[in-house]
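Written out below as structure tokens is the structure these notes cover.
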Amino acid sequence: MEVDLKEQELNENIDRGKLPAHVAIIMDGNGRWAAERGLPRKEGHRQGVETVRNTVRCGSDLGIEILTLFAFSTENWQRPSWEVNYLMSLPEKYFQTELPELMRNNVRVNLIGEKSKLPAKVRKAIEEGAEETKVNSGMVLNFALNYGSRSEIIMAVNRIIDEVAAGKIKEKIDERDFTRYLYTAGIPDPDLLIRTSGEKRISNFLLWQLAYSELWFADVYWPDFSRIHLLEAVYDYQLRKRRFGKV
Ligand code: FPP
């Protein structure tokens with residue numbers, strides 16, 4: 001009851017005209033959620049997919065334009081092979097069950113990260129999801145898979161070096177030019193970054209793009225993240241004064 005009242009209050013107080021256009025989320029704490037319940041880590045990830053489902057629905061209902069979810073980092077390959085395999089099975093399952101709802105909610109899917117090193121079935125699932133949903137004009141849902149920000153920046157630098165060598169770049173470049181070489185080319189920077197599980201780290205996520213993002217840390221594990229937490233984060237974001245280095 002208390003939660004419902006708070007949710008109602010937040011709903012009424014959020015200014016729909018001042019929503020963060022781009023919300024990025026570090027979905028953390030699946031393993032700890034499972035351990036606290038005496039369950040295998042897998043169960044935490046399985047429940048984490050439910051939270052993805054729910055968060056996509058809430059974000060889209062609320063009117064968020066872009067939602068970026070950190071689903072698998074370049075460092076996550078170092079986990080035990082059974083866990084990597086399980087995480088790699090999730091995109092396929094997700095699209096099998098979620099595509100109809102993504103279509104109904106007008107959500108467009110996109111992948112950011114190093115595609116070439118993902119297993120073929122994962123690439124296929126995401127590419128098909130992106131292809132099916134490309135007609136949609138509502139919220140853009142970016143899955144960051146095999147994503148690491150430092151390697152993204154190095155990839156961009158190397159692409160620039162190649163273009164210089166090929167004579168395609170003849171002048172000095174600026175910040176705006178640089179962003180065109182990142183996986184996030186064409187995507188505005190996140191306005192709000194949420195990280196769950198109480199950890200307060202960026203963990204090699206969108207280092208360039210988060211330069212002026214507002215940060216919000218939730219004390220719940222990702223499987224327990226719900227609509228009310230998203231509303232709290234958005235409400236808190238609206239109370240902040242973003243100055244972008246100015247006074
Ligand atoms: C971090 O929790 C979570 C991950 C590394 C995986 C996140 C993935 C999902 C929530 C599912 C993605 C869904 C799709 C459809 C691609 P952790 O395992 O590091 O938790 P811990 O820090 O408590 O061990």
Side-chain angles (χ1 to χ4, degrees), residues 23-60 67-103 105 107-115 117-130 132-133 139-149 183 193-206 217-227 229-230:
V23 176
I25 308 184
I26 301 177
M27 309 183 288
D28 192 19
N30 293 349
R32 279 164 285 168
W33 181 91
E36 280 189 6
R37 286 160 181 77
L39 298 169
R41 289 178 61 81
K42 238 185 200 180
E43 279 306 302
H45 296 314
R46 203 179 57 77
Q47 199 56 43
V49 178
E50 291 304 313
T51 308
V52 168
R53 208 165 267 158
N54 193 36
T55 307
V56 169
R57 194 176 298 150
C58 293
S60 159
L67 179 66
T68 299
L69 302 178
F70 200 5
F72 193 88
S73 75
T74 45
E75 290 72 34
N76 287 156
W77 295 109
Q78 293 163 45
R79 294 186 176 209
S81 60
W82 68 263
E83 186 169 350
V84 169
N85 291 340
Y86 186 73
L87 289 168
M88 287 296 147
S89 73
L90 297 177
E92 203 179 1
K93 288 187 202 142
Y94 176 79
F95 286 110
Q96 268 163 10
T97 56
E98 275 326 90
L99 206 52
E101 180 165 340
L102 293 172
M103 294 307 288
N105 290 336
V107 174
R108 183 153 60 88
V109 174
N110 181 40
L111 173 72
I112 62 170
E114 186 44 60
K115 269 195 232 179
K117 297 200 182 85
L118 285 169
K121 64 168 187 188
V122 176
R123 257 194 341 257
K124 185 164 175 277
I126 302 260
E127 278 165 2
E128 284 176 1
E132 295 262 355
T133 59
M139 188 175 83
V140 175
L141 171 60
N142 295 312
F143 279 108
L145 270 170
N146 194 23
Y147 176 86
S149 192
Y183 296 125
L193 171 80
I194 297 172
R195 181 177 186 140
T196 58
S197 93
E199 307 285 357
K200 297 182 175 64
R201 287 190 289 274
I202 302 297
S203 300
N204 201 16
F205 190 44
L206 302 172
F217 299 98
D219 273 331
V220 291
Y221 297 134
W222 177 247
D224 286 331
F225 186 84
S226 66
R227 180 179 165 82
H229 302 108
L230 183 64

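Just so it is clear, the structure is predicted and the values come from calculations on it, not from any experiment. In listed order, ligands and their atoms are each counted from 1.
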Contact with ligand 1 for Glu98, non-hydrogen, under 4.0 angstrom: no

Mode of Phe72 contact toward ligand 1 - side chain, backbone, both, neither (heavy atoms, under 4.0 Å): neither

Polar proximity ligand 1 side, Arg32 side, N/O cut 3.5 Å exclusive: yes

Heavy atoms of other groups near Lys93 NZ, more than 12 under 6.0 Å: yes

Leu90-ligand 1 polar pair, N/O distance under 3.5 Å: no

Residue, atom name and distance, where the atom is the protein heavy atom closest to atom 5 (C) of ligand 1: Asn76 OD1, 3.6 Å

Student check: side-chain heavy atoms of Val56 and Glu101 closer than 4.5 Å: no

Distance from atom 3 (C) of ligand 1 to nearest protein heavy atom, with residue and atom: Met27 O, 3.2 Å

Contact check, side chains of Glu43 and Arg37, non-hydrogen atoms, under 4.5 Å: no

Distance from atom 6 (C) of ligand 1 to nearest protein heavy atom, with residue and atom: Ala71 O, 3.5 Å

Element-labelled atoms of ligand 1 that are located less than 4.0 Å from some non-hydrogen atom of Trp222: 10 (C)

Approximate separation, where rounding is to 0.5 Å, of Met88 CE and Trp77 CH2: 3.5 Å

Any N/O pair Arg79/ligand 1 closer than 3.5 Å: yes

Distance (rounded to the nearest 0.5 Å) between Thr196 OG1 and Asn30 CG: 7.5 Å

Minimum side-chain heavy-atom gap Arg195-Lys200 below 4.5 Å: no

Gly31 N/O to ligand 1 N/O under 3.5 Å: yes

Glu114, CD: over 12 other non-hydrogen atoms inside 6.0 angstrom: yes

Qualifying residue, where the test is side chain to side chain contact (heavy atoms under 4.5 Å, CB included) with Tyr183 and the options are Leu206, Ile112, Asn142: Ile112

Atom indices of ligand 1 within 4.0 angstrom of His45 heavy atoms, with elements: 18 (O)

For ligand 1, the portion of Arg41 having any non-hydrogen atom under 4.0 Å away: side chain

For atom 14 (C) of ligand 1, the protein heavy atom that lies nearest, with its residue and separation: Phe143 CE2, 4.0 Å

Distance-only N or O hit between ligand 1 and Asp28, under 3.5 Å: yes

Side chain, backbone, both or neither: the part of Leu69 lying under 4.0 Å from ligand 1 by heavy atom: neither

Asn30 N/O under 3.5 Å from ligand 1 N/O: yes

Contact list for residues 81-100, test ring-ring contact (aromatic ring centres under 6.0 Å, His included), sequence neighbours left out: Tyr94-Phe143

Within 6.0 Å of NZ in Lys121, more than 12 heavy atoms from elsewhere: yes

